[in-house]
Amino acid sequence: MVSTHPAGVQLSGRQYLPQTGNNNINISPNQEILPLTAKVNNQDHLEIGGCDVTTLVQQFGSPLYILDEETLRTACRQYRESFQRYYKGESQVLYASKAWSCLAVCAIAASEGLGIDVVSGGELYTALNAGVSPDKIYFHGNNKSREELILAIQSGCTIVVDNWYELRSLVEISGDKEELTPLSSPSSLSPSPVRIMLRLTPGIECHTHEYIRTGHLDSKFGFDPNDLDELFAFVSQQSVLNCVGLHAHIGSQIFERQPHQDLAAVMVQWMSKAAGYGLTVTELNVGGGLGIKYTESDDPPSIEEWVKPICEVIQQACAAENLPLPKLLCEPGRSLIATACVTAYTIGSSKVIPGIRTYIAVDGGMSDNPRPITYQSVYRTVVANRMSASLTQTATIAGKHCESGDILIKDAQLPKTESGDILVVMATGAYNYSMASNYNRLPKSAAVVVANGEANLILQRETYQDLVRQDCLPERLKKNEG
Ligand code: LLP
């Protein structure tokens, strides 16, 4: 099947290049499929961040995650600048590091003034090691362990409390000063009240293209809003806790703007209720969730279009309730980082089943991108060394795992390909590396960050030695040759 655009001209990989011009800064990264710096060079190769993708693969091997620094920084700036433009109060954008947690990504986000949202001791440790200031780290999670809570308190980050069990555990742990030597202070200092926010379930449920509002939501996360009175009364009595704010997150890959506006309005109502219990709530966090463009038919709002109405609703609702403006937080993951990254693979074997399907296999698959097999996610691809070639074949891109379902893209439109070609899957920055596994004992892929023609390793490729590093072979199982 030949892919054509409406004028009947055959398409090529070039169709995915971002709108060009010198004003990349005005393009919302989540509305593009390739990173903002993507170009085709005079060898007809895809170039990102001034680096030829085929050269990157020669240098660093494949599969290779290629992170474009400019795209990530642009998205960070657009979030920050939109809040500065439309919100009269203080604001703080957090990067939801579950989308991709590693030192370099946290460091880039932090250098753009973003804080970091973490959901485990491991993500917290990563953010701290990246040099992120604890007062800009917010720790989520519906079942934080005692060890995680202690690490969080010692680090000085803000804990987003999810449920009664956690709330009571925190009161108990915070009362035990012995356990709580702050990481950065002498042990003689007694800890100050633990800075917390409360996560509430708003009864707004989002799927990608629709949302519903219900009185009661079936979610494992957050306090039931029906418990608000009891919750605020309890928290206001706890001198070991300093409740600064309220949090909610309603879903991911959302294209509609109304759900977050409804959420903002509901949150101001909660804030007003808290005031009735003597709780001075100074921060509201509306979560993340803005969607991105994975395929031509995806049409998310821009970052600015998402931020603006949220700010307006909070301002109007606070004015109506006669409440001071809270510090407004949000915590996007996908819309900050997804488009900034592509994954480059080398094409190996292929299998033509006449009249049925052509499979083209690459050297990675569900271990480096588990989203297609997990969520039936759809991706687009280009062949990095044949960017202008017409798309003359329909083929299914298979991974190398021993599992029939290990398909990265069904019915991809491709130019004629050969083994050794470099196939690039686009928009892989969110929830790819962070959900990667060692299935079939494949070593995890390397990642580089590219900018101004320079590539730096940010994740080393795992080795076979890495794979057995944590294995233990009990003495009695050694040398058992039968
Ligand atoms: N805040 C909280 C509390 C969250 O649970 C999430 C995502 C975010 C922020 C960031 O949401 P985003 O802006 O990235 O939509 N693994 C799935 C996505 C799971 C999202 C989980 N929570 C995927 O690959 O599509």
Side-chain angles (χ1 to χ4, degrees), residues 28-30 72 75-76 78-79 92-101 105 109 114-120 123-124 127 137-144 158-163 166 197-202 204-208 211 217 219-223 245-257 259-260 263 267 284-295 298 300-303 306-307 310 329-341 343 366 368-379 408 425 427-437:
S28 194
N30 70 317
L72 174 56
C76 293
Q78 287 185 3
Y79 266 106
Q92 178 65 58
V93 179
L94 311 176
Y95 164 58
S97 67
K98 60 182 75 63
W100 183 345
S101 171
V105 169
L114 271 62
I116 306 283
D117 134 14
V118 300
V119 294
S120 67
E123 285 186 1
L124 173 58
I137 301 179
Y138 289 72
F139 190 176
H140 296 280
N142 67 314
N143 192 21
K144 304 176 189 81
T158 303
I159 300 176
V160 184
V161 182
D162 190 273
N163 52 62
E166 183 182 343
M197 293 182 82
L198 301 170
R199 176 169 183 167
L200 296 157
T201 313
I204 297 171
E205 192 180 5
C206 289
H207 304 288
T208 301
Y211 83 104
L217 182 65
S219 165
K220 72 170 183 171
F221 295 108
F223 289 95
L246 305 175
H247 169 277
H249 170 76
I250 53 177
S252 198
Q253 184 61 358
I254 300 169
F255 289 179
E256 291 171 292
R257 289 183 293 167
H260 281 94
L263 173 68
M267 293 188 85
L284 286 186
N285 184 338
V286 296
L290 171 60
I292 71 135
K293 191 180 183 89
Y294 285 104
T295 71
D298 290 338
S302 68
I303 290 172
W306 186 82
V307 170
I310 295 174
L329 293 92
C330 71
E331 50 192 24
R334 191 190 312 268
S335 53
L336 280 171
I337 197 150
T339 318
C341 180
T343 308
M366 60 187 284
D368 60 78
N369 183 358
R371 297 193 70 258
I373 198 167
T374 312
Y375 312 115
Q376 291 72 53
S377 311
V378 179
Y379 284 88
L408 285 176
V425 176
T428 55
Y431 307 107
N432 274 228
Y433 169 73
S434 63
M435 291 173 66
S437 75

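Just follow the structure's listing: the first ligand is 1, and inside any ligand the first atom is 1. Just so you know, these numbers use all the heavy atoms, side chains as well, and skip hydrogens, waters and symmetry mates.
- Atom 20 (C) of ligand 1 has its nearest heavy-atom neighbour, among Phe221, Tyr138, Tyr431, Tyr95, in Tyr431.
- Some N or O of Gly333 is nearer than 3.5 Å to an N or O of ligand 1, by distance alone.
- Per-residue contacts place Pro332 under 4.0 angstrom from the following atoms of ligand 1 (heavy atoms of the residue considered): 13 (O).
- When only non-hydrogen protein atoms are considered, atom 5 (O) of ligand 1 lies nearest to His249 CD2, 3.5 Å.
- The aromatic rings of Tyr79 and Trp306 sit perpendicular, their planes meeting at an angle over 60°, well past the 30° parallel limit.
- Among protein heavy atoms, the minimum distance from atom 7 (C) of ligand 1 is reached at Lys98 CD, 3.4 Å.
- In this structure, Asn30 contributes its side chain and Pro301 its backbone to a donor-acceptor pair below 3.5 Å.
- Note: an N/O pair closer than 3.5 Å links Ser252 and ligand 1 by distance alone.
- With respect to Thr428, the side-chain contact (heavy atoms from CB on, under 4.5 Å) criterion is satisfied by exactly one of Tyr294, Tyr433, Tyr379: Tyr379.
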* To do: Check step by step if side chain to side chain contact (heavy atoms under 4.5 Å, CB included) holds for Leu94 and Asn285.
  => CA-CA 10 Å; Leu94 311 176; Asn285 184 338; 3.8 Å; yes
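- Here's the thing with Tyr375: one of its N/O atoms is less than 3.5 angstrom from an N/O atom of ligand 1.
- Salt-bridge annotation for Glu166 and Lys144: present, with a side-chain N of the basic residue lying under 4.0 Å from a carboxylate O of the acidic one.
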* To do: Output, in order, the C-alpha distance, side-chain angles, deciding distance and verdict of side chain to side chain contact (heavy atoms under 4.5 Å, CB included) for Leu336 and Cys76.
  => CA-CA 6 Å; Leu336 280 171; Cys76 293; 4.1 Å; yes
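- Ligand 1 places these atoms under 4.0 Å from at least one heavy atom of Arg199: 3 (C).
- The distance from ligand 1 to the heavy atoms of Asp117 drops below 4.0 Å at these ligand atoms: 1 (N), 9 (C).
- Residue, atom and distance of the protein heavy atom nearest to atom 9 (C) of ligand 1 are Glu331 O, 3.2 Å.
- For atom 24 (O) of ligand 1, the nearest protein heavy atom (residue, atom name, distance) is Arg371 NE, 2.6 Å.
- Listed by atom number, the atoms of ligand 1 under 4.0 Å from Arg334 heavy atoms are 12 (P), 13 (O), 14 (O), 18 (C), 23 (C), 25 (O).
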* To do: Go through the steps for His247 and Tyr138 under the test side chain to side chain contact (heavy atoms under 4.5 Å, CB included), then give the verdict.
  => CA-CA 11 Å; His247 169 277; Tyr138 289 72; over 6 Å; no
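- Atom 10 (C) of ligand 1 has its nearest heavy-atom neighbour, among Ala96, Gly222, Ala430, in Ala96.
- In this structure, Arg199 satisfies the cation-pi test against Phe221, with its NZ or CZ atom closer than 6.0 Å to the six-membered ring centre and inside 45 degrees of the ring normal.
- A salt bridge does not link Asp162 to Lys220: none of the charged side-chain nitrogens sits closer than 4.0 Å to a carboxylate oxygen.
- Backbone and side-chain nitrogen or oxygen atoms of His140 are examined, and none is located within less than 3.5 angstrom of a nitrogen or oxygen of ligand 1.
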